[in-house]
Amino acid sequence: RFNASPGLMILCGDPNSAKTDIARKVGFWAQSAAMRAFEDGKGKTWKRFPSVVYLRWPEVVDSFRENLNGSVDDMLNAGLLILDDVGAEYDPTQNATNKLCQVLSRREKEFTIITTNLKPESWPDKFDSRICDRFFRNSEVVDLFGVESYAAKQLETRAYKKPYAD
């Protein structure tokens with residue numbers, strides 16, 4: 001399914017399936033495209049320069065427990081928000097669930113990328129129904145389950161290089 005309006009992309013797959021790498025590369029591309037547009041004079045009507053914010057969700061959740069909520073403003077104001085490793089957090093108080101729901105609701109028409117190790121069919125068991133609703137209703141899901149381990153492939157490529165002949 002393809003949704004032409006800005007929204008949510010979820011990269012889901014096994015650990016080491018390059019989800020984070022893909023998300024970061026999209027972020028680097030978006031930042032450099034915005035910079036080129038700005039330098040070419042196409043950003044004259046922008047209210048603010050579009051930013052890319054990358055956050056590891058488990059670390060954000062830890063900061064919530066310490067009452068450090070500044071990252072919420074960063075998430076809400078980002079031109080592109082990348083939340084890495086959603087679902088890996090420890091959230092017994094459900095505070096992070098409420099914050100994630102708030103962020104997803106307020107960013108419904110904004111570009112957001114989420115990475116997770118959880119399969120879509122397990123989302124209802126892990127996430128609050130409000131979050132699942134936003135995940136299923138407003139997203140493009142990229143399924144990377146079964147993709148060969150990115151790290152293992154890199155090691156294999158290096159291991160099989162032949163040494164130079166004398």
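Since the model is a prediction, treat every value here as computed from it, not as a measurement. No hydrogens, no waters, no symmetry mates; every other heavy atom, side chains included, goes into these values.
The pair Glu108-Arg137 meets the salt-bridge criterion, since a charged nitrogen lies less than 4.0 angstrom from a carboxylate oxygen.
Using a distance-only test at 3.5 Å, with no hydrogens or angles considered, a donor-acceptor pair links the side chain of Trp123 to the main chain of Leu118. Distance alone, capped at 3.5 Å, places no donor-acceptor pair between the Lys99 side chain and the Val72 backbone. Under the 3.5 Å distance criterion, the side-chain polar atoms of Arg107 are left unmatched by any main-chain donor or acceptor of Asn77. With hydrogens and angles ignored, the 3.5 Å screen pairs no side-chain donor or acceptor of Glu89 with any backbone N or O of Val61.
Looking only at side-chain heavy atoms (C-beta outward), Ile114 and Leu8 come within less than 4.5 Å of each other.
When all heavy atoms of Ala23 and Ile113 are compared, the pair lying nearest together is CB-CG2, 3.9 Å. Between Val141 and Ser139 the shortest heavy-atom distance is CG2-OG, 3.6 Å.
If you chain together hydrophobic residues whose side chains sit under 4.5 Å apart, Tyr54 and Trp29 never meet in one group. Grouping the Ile, Leu, Val, Met, Phe, Trp and Tyr side chains by contacts below 4.5 angstrom, directly or via other members, places Val53 apart from Phe28. Residues Val86 and Phe136 share a single hydrophobic cluster, defined by chaining ILVMFWY side chains whose heavy atoms lie under 4.5 Å apart. Residue Phe145 is not grouped with residue Phe127 when hydrophobic side chains (ILVMFWY) are merged at heavy-atom distances under 4.5 angstrom, including chains of intermediate members.
If you check the side chains of Asp128 and Thr97, you find no donor sitting under 3.5 Å from an acceptor.
The distance from the CZ atom of Arg134 to the OG atom of Ser129 is 9.0 Å, given to the nearest 0.5 Å.
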